[in-house]
Enquirer: 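Just dropping this structure here.
Letters go in sequence order (proteins before strands), and every chain restarts at 1.
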Protein chains: 2
Amino acid sequence: MAVTLADVAARAGVSPATVSRVLKGNYPVAEPTRQRVLRAVEELDYVLNGPASSLAAATSDLVGILVNDIADPFFGILAGAAQSAIGTSPGAGGARTEKLAVVCNTGGSPECELTYLTLLQRQRAAAVLLVGGALEDPAHQRAMTAKLRQLADGGTRVVLCGRPAPSRDDASVTVLTFDDHGGARELTAHLLALGHRRIGCVAGPEERTVARHRLAGHRAALVDAGLTEGVERMTVRGPYDRPAGYAGACELLSREPELTAIVAANDTVALGAAAAVRDRGLRIPGDVSVAGFCDLPSAVDTVPALTTVRLPLVDAGARAGRLAVGDESAPAGPLELAAELVVRDSTAPPPGG
Amino acid sequence: MAVTLADVAARAGVSPATVSRVLKGNYPVAEPTRQRVLRAVEELDYVLNGPASSLAAATSDLVGILVNDIADPFFGILAGAAQSAIGTSPGAGGARTEKLAVVCNTGGSPECELTYLTLLQRQRAAAVLLVGGALEDPAHQRAMTAKLRQLADGGTRVVLCGRPAPSRDDASVTVLTFDDHGGARELTAHLLALGHRRIGCVAGPEERTVARHRLAGHRAALVDAGLTEGVERMTVRGPYDRPAGYAGACELLSREPELTAIVAANDTVALGAAAAVRDRGLRIPGDVSVAGFCDLPSAVDTVPALTTVRLPLVDAGARAGRLAVGDESAPAGPLELAAELVVRDSTAPPPGG
DNA sequence: CTGTTAGCGCCTTCAG
DNA sequence: CTGAAGGCGCTAACAG
C-alpha cells in the first residue's frame, strides 16, 4: 500500500541511507544523486512515515499550543501568531524545519490540560506552548509542575505565554507574561483621574492567575487613591464571557446604584456589561463609564468605542513561537510584556463630576 | 532515559505484550494482572511512545482540523465544537479513544493547506477535518483532490465542513455544508420586503466558495424581485475582515449615494461597514440598513443589534467531529445545514419607504 | 488468558 | 560522498 523509503531508494538506484539524507538535508549529498532521489520521490508520491521517523530519531516535529478557549479571539490571535512564527521558522541551520504547529483547546479544564500534555508527551513533541492564564489550585499546580518537568526532561521545550510558571525557579521552562497588574492599575487610575469614585469591577474567575492579577491591579489603584471602602461589594466574579458581563453589571448596579464606572475582566465581558447598562436606560459614558481589557480588534467597533488596555498579542504569540522552536534564545528570567492604556469613547467624567 | 514498555513488563513480572494489552484495553487480561501492570506504570511514570506505537499499529490517534483563520470566531467556534466532540468520543467499542484533536491554521493559504495535509499524512492521521470555504483555483483544486484521495487511500478519514468537495462524486470524503446560498437569498429578500431597492453588497474574496455562494444567493433574491440593474456596480469585494467592511461600505456609498442597505460577507465585515456608515453621518437603520452573516455571539451586542443569518456552527462542528471519529455514520450524500434569518435592529424600511 | 516471535520504516553510526 | 547493518519501542499474529 504505502511506498517506503526503500522503494524510493530502489527507484533512484541508491541506498535508503542516501534517500534519508537528501530528505533531511542535513548531510552532504552529491547534487546529481540528490536530483535523482528527488525525482524518484516525485514519481512515487512518497511521503515520509512520521512515526517511523520519530521513532528512529527519537524526536518529532510536533509543536503543541494549548489554549483555554479557541473561540475567544484573545487566544485565537495569540495562537495564530505563534503558529505562523513556528511555521515560517527558518530553522537552526537555514534548512526549513517543517514543524507541525497545532493548537489544542483545553476549555480551561485542568484535566483536559493534563491530558493534552500527556498526549503531546506520547508524541515526543518538540515543544509545548501553554497560552493564557492558569488555574491556581495547589493540586493542579503540583501536577502541572511534575508534568512540565517530565516534558522538559524528555527533551521537549516548554514555554508559557501569559501565565506564570507553576512553581518558582524552574529553569526548564521559559516564561512570557503580560503586565496585567500594571495595565489594570493604569486603567483604574484613568477612571479615578476622570473623577470616578464608585467603580464596579466585573472580574474573571476567582481561581485564575490572570483574573487575580487584573483585579489586584485595579485594587492597587483604588488604594493609591485612598479608596478602600466597599471594594468587595463593588466586585463580582464570573467567567470570561458576555453573559457574565451582563449579569455582573446588573448585579453591581443593583447593589450600588450610584456606580459611575465599571471595569471588566476583558473586552468581551465589557460588551456584556455595556449591554446591561444600556438596558437599564443608562447612557455610556454619560451616566456610566465602561472599560475592557485586551483591546481585541472589535473593541474599536463597539458603540461607543471601548476604552481598554492593549496587550501586545501578536508580538507575544510570535515571540512565544520563536522561543518554542529555538529561533530566539530564552531570556534569563521571566519576560513581562507591557500593557498600554487605550482611551476611547466609553469612559468620561462621571455625571456632575 | 525513557522508561519503556519492557521496563514496565519487567517490573510487573509479565511480558511486554501483556502490558500493551492492558494499556490498549481492547483485549482480555486477568484483573489481578491488570492491576499489577497498572501499578508498575504508575510507579515508573511510564508514558507510551506514540511514534513507536503508531509505527507498529500503522495508525495514529491524531485528528487534524484545518481552519482558514483561527483568530476568527467563526472558525474558533466550529473547531472548538469539533474538538470537544472528538475528545469526548466514547469510541467504537465503549473504550475511550484518546484522540489527539488538533487545529491547524492555514491562514487561507492554499500552499499552507497542502503543507498541513502532507504533515498530517506523514503522521498517518486518523482523520482530517477541513473547515470553511475553499479556494476555487483549478490547479489548487486538482492538487487538493489528489491529496485528499491519497489521505483517504492511506486510511485517514476525510471530512469537509462548510466547503464542497473539490471534485464531484468523490465517495471517499464526507461533506457537510451550510446553506449559504439560501441564507443570503432570504436575507436580501427580507430587505426587499422592507422596501429597499438599492442594496449594496460587500462580498468576500472572489475566488472562494463561500463568498461566491452568498453573493449568488443575494443576487438570486434580486433577480426574484426583478432588480437586475446596477448589480455589479453595487458589489465590492474584499477579505473577511473589518477593514474590508469599512472600505467596502465607503466605496459603495460613494458609487451610489442613494444606497439604503448594505449586506456584508459576514458579521465582522458588517461591523466595519456599519462603522463606515456611521462615520459618514448616516444612521443605522434610519438611513441605511446593515446586515451580516453567521450570527456570531457578538452580533447581538453591536449597536444596533445586527440583523444576520444564523449558521448552526456548534451543531455543525460537533457533527463534523463525530463524523471524523466515526461516531456518526456518514450520510449518503452531501449534508446541507439550514441557515436561518435573524432579524434584529440594524435593518428597517428605507427612509421615506 | 499469557508469552514468543517477527517485523513496522527509518535513522545513524561505522566502514569504504 | 555513499552503502551496510543494527536497533528505536511497540504491536500483532501465533502458539501455548
Enquirer: How close do P51(A) and R122(B) get, counting heavy atoms only, and between which atoms?
Expert: CD-O, 3.3 Å
Enquirer: Pairs in or reaching into residues 103-119 of chain A: which pass salt bridge (Lys or Arg N to Asp or Glu O under 4.0 Å), with residues at least two apart or in two chains?
Expert: E113(A)-R163(A)
Enquirer: What is the distance, to the nearest angstrom, from the CZ atom on R36(A) to the P atom on dC1(D)?
Expert: 15 Å
Enquirer: Taking only nitrogen or oxygen atoms into account, show me every contact under 3.5 Å that the protein makes with nucleotides 9-12 of chain D, one pair per line with its distance.
Expert:
from    : atom 1 : to     : atom 2 : distance (Å)
dC10(D) : OP1    : Y46(B) : OH     : 2.0
dC10(D) : OP2    : L5(B)  : N      : 2.4
dT11(D) : OP1    : S53(B) : OG     : 3.1
dT11(D) : OP2    : S20(B) : OG     : 2.7

Enquirer: How far apart are the closest heavy atoms of L323(B) and E328(B), and which atoms are they?
Expert: CD2-O, 3.4 Å
Enquirer: Got L129(B) and L160(B) here, is their nearest side-chain heavy-atom distance under 4.5 Å?
Expert: no
Enquirer: If every non-hydrogen atom of V173(B) is compared with every non-hydrogen atom of A165(B), which pair is closest and at what distance?
Expert: CG2-CB, 4.2 Å
